[in-house]
Amino acid sequence: MQSTNHHPFTEGLLTWYRQHARELPWRQTQDPYAIWLSEVVLQQTRVAQGLPYYLKLLEVFPTVESLAQAEESVLFRHWQGLGYYSRARNLHKTAKLVVANFQGQFPTTYCELVQLPGVGPYTAAAIASFAFGEAKPVVDGNVFRILARYFGIETDILHSSARKEFTDVAMELIPQDQPAEFNQAIMDFGSLQCSPAPLCASCPLSLTCFAFQQKRIQDFPVKQKKAKQKNRYFNYFILEQGNQVLVRERKERDIWSGLWEFYMVESTQEEELESLLEMDDNLSIMLQSTSVQSLKSPKLHILSHQKIHCRAWHVQVPDNLDINELAGFQWIRPEDFEKLGKSVLLLNLITDNLHLEIFNDSMPR
DNA sequence: AACCCGGGGGT
DNA sequence: ACCCCAGGGTT
């Protein structure tokens with residue numbers, strides 16, 4: 001059972017895991033597709049947040065073929081609310097690639113897996129070990145934290161050299177005969193025991209943990225402090241004409257690329273409506289000879305590196321005003337708009353204004 | 001090497 | 001208010 005020659009860390013970790021393993025659905029399978037799907041969903045995402053998305057996605061797309069054949073917009077709609085939307089695009093890319101180039105069979109080695117879109121060192125190691133038993137260590141936020149504490153590693157975990165250094169350490173620790181167990185164990189250990197606020201009093205590894213023995217728990221892991229968030233000002237206009245609203249898909253290299261939104265004017269600071277009209281010719285045309293209603297809206301939407309200040313207005317554009325096609329925009333019926341992926345900010349904006357006739361029971365998700 | 005990409009929960 | 005989460009891609 002307990003093979004010899006394991007590092008004391010590994011021995012203690014695996015013993016701990018036998019008593020504390022979480023029961024998670026993606027641990028009940030060896031299907032590389034399901035494992036890959038779970039790992040992408042869980043990138044920078046807590047288990048509790050990702051779990052319902054994983055279950056739903058696996059239900060809607062039970063095989064890599066079904067995902068490859070799906071419309072990307074359908075995938076985006078299911079990804080809505082999970083964040084980091086480029087994951088969805090790369091997920092689709094890889095599904096099509098696996099079907100077209102690998103006959104629907106995922107490659108079986110780390111080196112091949114890591115070349116797939118959206119599959120980096122962590123995810124490739126996870127799939128390789130969980131599905132194929134390859135002894136590659138996963139190095140995620142948990143592993144950085146645990147190894148930094150246990151071995152007293154002073155390297156800034158945000159430094160570009162950190163991944164290699166920690167991977168080398170983990171490579172020395174991972175048992176060749178049970179890499180999957182080690183990888184699962186270290187992530188549960190990081191989540192349940194050696195968490196950001198660790199439970200050292202009940203930790204079986206504290207006797208040999210550098211940070212604990214030195215009473216320097218607060219010093220590890222070493223991490224550079226991040227800069228302040230950037231402020232942005234999003235001014236949304238729900239432009240309505242003939243039971244349709246003007247919307248567009250965000251396509252530029254920016255937040256929420258691939259999601260849909262109402263007409264929006266971004267400003268560099270809080271602006272009055274009059275100033276916004278001066279800044280945007282199309283808007284000034286559509287708003288002439290009609291009334292504008294100020295809307296309740298989320299005041300602030302916080303992302304990890306941006307603060308979005310939000311205001312919104314409702315405009316009933318006169319039917320006789322002929323709006324020529326605005327590049328990138330289209331008029332759409334609310335019930336069709338509902339089917340498209342939207343940011344949480346926009347969903348909140350809609351929720352705040354369900355009383356508008358244009359939404360009329362068609363919008364709530 | 002530096003920067004970008006979400007949303008949510010814990011403390 | 002700040003931290004961090006089963007990270008990866010782009011420039």
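Computed from heavy atoms alone, side chains included, the values below leave out hydrogens, waters and symmetry copies. First the proteins, then the strands, lettered A, B, ... as listed; each starts at 1.
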Please check the phosphate of [N] (OP1 and OP2 only) for any side-chain N or O of [X] closer than 4.0 Å.
| X | N | value |
| --- | --- | --- |
| A/Lys223 | C/dC4 | yes |
| A/His301 | B/dG7 | yes |
| A/Trp79 | B/dG6 | no |
| A/Tyr85 | B/dG7 | yes |
| A/Arg145 | C/dC5 | yes |
| A/Gln306 | B/dC5 | yes |

Once you round it to whole Å, what is the distance between [atom2] of [N] and [atom1] of [X]?
| X | N | atom1 | atom2 | result |
| --- | --- | --- | --- | --- |
| A/Leu82 | B/dG6 | CG | C1' | 9 Å |
| A/Arg250 | B/dC5 | CZ | P | 9 Å |
| A/Arg87 | C/dC5 | CZ | C1' | 10 Å |
| A/Leu300 | B/dG7 | CG | P | 13 Å |
| A/Leu116 | C/dG9 | CG | P | 10 Å |
| A/Arg163 | C/dG9 | CZ | C1' | 13 Å |
| A/Leu91 | C/dG8 | CG | C1' | 13 Å |
| A/Phe144 | C/dC5 | CZ | P | 10 Å |

- How about A/His7 and A/Phe151: are their ring centroids closer than 6.0 Å? yes
Do side-chain atoms of [X] reach the backbone of [Y] as a donor and acceptor pair under 3.5 angstrom?
| X | Y | result |
| --- | --- | --- |
| A/Lys342 | A/Phe337 | yes |
| A/Arg145 | A/Gly190 | yes |
| A/His92 | A/Ala70 | yes |
| A/Arg149 | A/Cys209 | no |

- Check A/Gln178, A/Arg27, A/Arg22 against A/Gln184 for a side chain to side chain donor-acceptor pair (under 3.5 Å) and give me the one that passes. A/Arg27
- Of A/Trp26, A/Tyr54, A/Tyr122, which meets side chain to side chain donor-acceptor pair (under 3.5 Å) against A/Glu39? A/Tyr122
- Query: Is the shortest side-chain N to carboxylate O distance from A/Arg77 to A/Glu338 below 4.0 Å?
  - Reply: yes
- Message: Return whichever of A/Arg46 or A/Lys93 has its heavy-atom-nearest nucleotide of DNA chain C closer to the 5' end.
- Response: A/Arg46
- Query: Between A/Gly120 and A/Gln49, which is nearer to the 5' end of DNA chain C once each is assigned its nearest nucleotide?
  - Reply: A/Gln49
If you look at every strand shown and take non-hydrogen atoms under 4.0 Å, does [X] touch a base, only sugar-phosphate, or nothing?
| X | result |
| --- | --- |
| A/Ile308 | nothing |
| A/Thr45 | base |
| A/Ser343 | sugar-phosphate |
| A/Asn142 | sugar-phosphate |
| A/Thr123 | sugar-phosphate |
| A/Val119 | sugar-phosphate |

- Query: Donor-acceptor pair under 3.5 Å: do we get one between A/Tyr122's side chain and the base of C/dG7?
  - Reply: no
Could you check which of [options] has an atom nearest any side-chain atom of [X]?
| X | options | value |
| --- | --- | --- |
| A/Gln184 | C/dA6, C/dC4, C/dG9 | C/dA6 |
| A/Tyr84 | C/dA6, C/dC5, B/dC5 | B/dC5 |
| A/Arg253 | C/dT10, B/dG7, C/dA6 | C/dT10 |
| A/Gln43 | C/dG8, B/dG6, C/dT11 | C/dG8 |
| A/Arg27 | B/dC5, C/dC4, C/dA6 | C/dA6 |
| A/Asp140 | C/dG7, C/dC4, B/dC5 | C/dG7 |
| A/Trp26 | C/dA6, B/dG7, C/dT10 | C/dA6 |

- Task: Could you say whether A/Ala197 or A/His159 is positioned toward the 5' end of DNA chain B, judged by the nucleotide with the nearest heavy atom to each?
- Result: A/His159
- Task: Pick the P atom in C/dA6 and in B/dC4, then give their distance to the nearest Å.
- Result: 24 Å
- Could you measure between the two P atoms, the one in C/dT10 and the one in B/dG6, and give it in whole Å? 14 Å
- Can you list the stems that include DNA chain B, where a stem is three or more consecutive Watson-Crick or G-U pairs with distances under 3.5 Å? B:1-5 with C:7-11, B:7-11 with C:1-5
- The single option from A/Phe329, A/Phe234, A/Trp331 that satisfies ring-ring contact (aromatic ring centres under 6.0 Å, His included) with A/Tyr263 is A/Phe329
- Message: Within the supplied structure, the quantity of interest is the number of heavy atoms (other residues, nucleotides, ligands) at a distance under 6.0 Å from A/Glu71 CD; does it exceed 12?
- Response: no
